[in-house]
Amino acid sequence: MSLFQCQDLIYYYPDRKKPALNQINLQIEEGEFLLLIGGSGSGKSSLARVLAGLIPEFYGGRFGGQVYFQNRNLKEFKRRNLVQEIGIVFQDPEKQLVMAGVEAEVAFGLENLGLPPREMLRRVAEVMSFMDLEGVKQEFTAQLSGGLKQKLALASVLAMYPRVLILDEPTSQLDPVAAEAFFNLIKQLNEEIGLTIVLIEQRLERCFHLADRILLLEDGQIRYNGSPEKYSCWANARKIPLVPPVGNLLAQLGFSTVPLTIKKARQLLQANYNLREPSPLSTRYNPLPVVPVKANFKEGLTLKKVWFTYPRGKEALRDIDLQISTGELVAILGANGAGKTTLLKVAVGLLSPGRGQVLVPETERLDGRKKSKKNLGKRNGLLYSGIVAYLAQNPNDYLFHDTVEEELLFSLKNFQLEDQGRIEAVLNNLDLKKYRETNPRDLSSGERQRVALASLLVTQPRFLLLDEPTRGMDYGLKREMGRILTELVKQGLSVLVVTHDVEFAALYASRVIMMFDGQIISDGPVGEVLGQSFFYTTQIGKMCRGLVDGILTLPQALDRFESFHRKVKTGGEVG
Amino acid sequence: MWVSFQYQDNRRLLQHLHPVAALVYLGVLGGLTLVFAHPLYLLGLLVVILLAIQAVDGLKGWELCLKFTLGMSLLILLINLLVVRAGETVIWWGPRLPVLGELTISVEAICYAATMCVRLLDILSVFYLFNRMLHPDQVLRLFSRFAAQSALVLSLSTRMFPFLLREVHNLQEVLSIRGVDFRKGTGKERLQKYLSLFNLLLLNALENSLETAEAMQARAFASGPRSRYRKEVFRPRDFLCLTGSLLALFVTIYGQIYNYSTFHFYPQLGYLISNTMTLVVLGIILVLLSLPIIISWGWQHCPYFNARI
């Protein structure tokens, strides 16, 4: 008997002509770990909300077909009973926490269920202990880190003792370490407590190995429903980009079944390729050959001995020496709280350094007036110079006009610039021409991000700083963002990206900086920094470590392994 | 700056009192600062409040109350001197001003203004102590017994307020990046800049509120009658604090009725200590109000005491 059963499910959001879900037929078994994947707008979140009973009850719209839970139609369940069976954790922990304190947050759902105080006490104590939240029970939710907030959101759902846990991109706001810890917890819930898990995730390399089954949605329809081992080859044959890097590599190398863990993938490679002996330690840590960057530091952005301390006394930046030359794409990696965003804010002039200097070259600005270093050194001089642009994490913060064109005109007006074809050029560059008269808030998340970027690029800055530009993006959108940034760099712009996405950094950055506790601990070509890191490296980098050195990305790996093909051993594949 | 006004669990006894005992204690402290006009009583209360603030490790943040009061003192003094003519002991005769009349400075007006400054500091300090002593959720849980919906709305506001402040700050930064300088321009221009900020804030808040509402629905909000999570236990220490606070209130009423704790400033200053009962009543009130502080000290330093209360 299946736990969930969807029959001919079809759903339209209110006022939409295209169905968000179209003819979905699906069964989910008790205790299963289902990974739900798909591009933006493919219907993943809609399906999750249907399973959680939020569609159509909360959203309205037109709903067809049947959804059964334990052989009973979902419509027959009272909400109070349903939430005790099915719990859902959303993407942004900030927006799903309701109470001021941690303990009260965990108890919120239980109060809504009308449970007796003694039962609530027991459940709160049990869940907080299991989730290791005892130490922060008196804290304010607003003061918790992103990882702890998401953990708290999960705890408050678990306190209701659900049998099914639905997670809608729960780690999109977390750094890799916090995300890993979160997934370990989910794995524990699935394997040790037997919860049925439905997980939506974009960064497949983080969670692919956890899934029992993969469900790929496209345009509201199920495109793939089967085992994760077979998925990579299936997707590769159909040129579908939603594949974790290692799976993609092995599928492209011709393996019909792809292992899910790095360990097994390494075994597979070792068994099927006559790889060279692991090189000795000294040479293994040699810098990788990288294309030298055409550095021109004279025209670059320079941070000289910069220190920054927040009013509460937290030293966020310590002795930062950094130069970004023209035509560079630099990625900054590091855990949450390492000082990455503070560094960007200091570089753009939003924060004044306590000690040290931020220097930009003497340059002719867009309005023809020269801005000297001296001028820019004054308080906020750099900020209003228009030379350095900064795209913050939330693109919505940039969008409040009725049309995309007005949004761009607003930026031009503030910097007292004439249009002179700038808007046309930027819209063309970012493929936004067709949305010129559209309200930016009506666009998809990827398009919104491009409009926010356009509102900055229209003033033709020399340096572009971006904070987590790939957050919550699918593979396709990430590739598009990578293409845009590469194009901008070719046009002479310097780009500095703060990201948790190691795969993105490895593919598009020419240089990587790692930060820890307000300091730059590593700065160099992408291959050197990521190649030498144990944790902050790509999935392919992890797989190839010690076997074939100097590989981080899929093109590099394909290139190297194709040369090994001549030495292929006879023998079967490791499943 | 406002962080020092927020509750931080420093594992002090005063922070772990039963909310009823804590609220009564704070209420009595606040009430007495409004009832007393006697400078000695107000100063005595200030000492007790400061000791209580020290008992929750909050003296550092209290400096802000002091700075604010010092700033306001000048204003209070100026208004008193300009407006009040009731004092008889004039020490300076000034020029005649339009509307205000002849400017005089009397000893009574100075003393009254100084006492009001102490009262202001008392009141601010009690509010500060309230923030440091009580977790907002504790208070809300207490009130949810009488007004569940209002308590929840208040709790949501408490939760959202820091989020909203951060949002305003973020939006200001984003608009600055796009060339909006909030410090420049005429009044009308600046108003337009702030309208842009407000517009963004409203749009984001509307979108965010939908997500919060969805998360609340997913946790069974409004699915039927709610129950109340409570874990507070009424201990002997709560009984002692509550008794001390209530007794202090009764002694105050007694002192006020028999004029032991009253003081008049005009037309001439009264006696600071009119009879020994003034000191006796003051002493009793201060000892009773210091009970929670003494218990807190004992709780921290004496394991036996700790185990018994």
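Letters A, B, ... are given to chains in the order of the sequence lines, protein chains preceding strands, and every chain is numbered from 1.
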Applying side chain to side chain contact (heavy atoms under 4.5 Å, CB included), run through A:Asn396 and B:Leu203 and close with a yes or a no. CA-CA 9 Å; A:Asn396 289 345; B:Leu203 280 167; over 6 Å; no
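- Interface remark: B:Ser209 contributes no atoms to any contact with chain A (heavy atom separation under 4.5 Å).
- Note: B:Leu171 CG to A:Tyr398 OH = 10.0 Å, rounded to the nearest 0.5 Å.
- Of the atoms belonging to A:Leu110, it is backbone heavy atoms, and not side-chain ones, that fall under 4.5 Å from chain B.
- Salt bridge status for A:Arg448 with B:Glu207: present, with a side-chain N to carboxylate O gap under 4.0 Å.
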Query raised in the report: What's the verdict on side-chain hydrogen bond (donor to acceptor under 3.5 Å, both in side chains) for B:Arg178 and A:Ser411, showing C-alpha distance, side-chain angles and the deciding distance?
Result: CA-CA 6 Å; B:Arg178 296 179 71 186; A:Ser411 298; 3.2 Å; yes
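- For the pair B:Gln217/A:Glu57, a side-chain contact is recorded, criterion being any heavy-atom separation below 4.5 Å from C-beta on.
- When atom types are taken as modelled, the side chain of B:Thr212 and the backbone of A:Lys95 share a donor-acceptor pair closer than 3.5 angstrom.
- For a residue to count as touching a neighbouring chain, one of its non-hydrogen atoms must lie under 4.5 Å from one of that chain's; by this rule A:Glu407 touches chain B with backbone and side chain alike.
- For the residue pair B:Asn204/A:Asp397, the side-chain donor-acceptor check at 3.5 Å is satisfied.
- Of the residues considered (A:Arg80, A:Lys413, A:Gln138, A:Glu103), A:Arg80 shows the highest number of contacts with chain B, using heavy-atom pairs under 4.5 Å.
- Note on A:Leu97, A:Leu391, A:Asp92, A:Leu399: by heavy-atom pairs under 4.5 Å with chain B, the leading option is A:Leu97.
- Remark: side-chain polar atoms of A:Glu111 are paired, donor with acceptor, to backbone N or O of B:Tyr229 under 3.5 angstrom.
- For a residue to count as touching a neighbouring chain, one of its non-hydrogen atoms must lie under 4.5 Å from one of that chain's; by this rule B:Gln172 does not touch chain A.
- The structure places CZ of A:Phe400 at 12.0 Å from CG of B:Leu201, a figure rounded to the nearest 0.5 Å.
- With chain B as partner, the option from A:Ala52, A:Ala142, A:Ser156 having the largest number of non-hydrogen pairs under 4.5 angstrom is A:Ser156.
- Heavy atoms of other residues, nucleotides or ligands lying less than 6.0 angstrom from CZ of B:Phe234 number more than 12.
- One finds the CE atom of A:Met120 at 3.0 Å from the OG atom of B:Ser227 (value rounded to the nearest 0.5 Å).
- Here A:Met99 is the residue among A:His401, A:Gln91, A:Met99 with the most heavy-atom pairs under 4.5 Å with chain B.
- The structure places CG of A:Leu350 at 8.0 Å from NE2 of B:His169, a figure rounded to the nearest 0.5 Å.
- Chosen from A:Glu139, A:Arg118, A:Lys345, the residue pairing most often with chain B at heavy-atom distances under 4.5 Å is A:Lys345.
- Proximity to chain B (any heavy atom under 4.5 Å) is restricted, for A:Phe90, to the side chain, taken from C-beta onward.
- Side chain of B:Arg219 to backbone of A:Gln96: a donor-acceptor contact under 3.5 angstrom is found.
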**OP:** Decide yes or no on side chain to side chain contact (heavy atoms under 4.5 Å, CB included) for B:Leu175 and A:Phe410, but give the supporting numbers first.
**Re:** CA-CA 10 Å; B:Leu175 286 171; A:Phe410 176 75; 4.0 Å; yes
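- A distance of 6.5 Å separates CD1 of A:Ile88 from CD of B:Glu214, quoted to the nearest 0.5 Å.
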Item to check | side chain to side chain contact (heavy atoms under 4.5 Å, CB included) between B:Ser223 and A:Val83, worked out | outcome: CA-CA 10 Å; B:Ser223 66; A:Val83 297; over 6 Å; no
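- If you measure heavy-atom distances from A:Val124 to chain B, the contacts under 4.5 Å come from the side chain alone.
- In this structure, chain B has heavy atoms under 4.5 Å from both the backbone and the side chain of A:Phe108.
- Once rounded to the nearest 0.5 Å, the distance linking CG of A:Asn394 with CG of B:Asn208 reads 8.0 Å.
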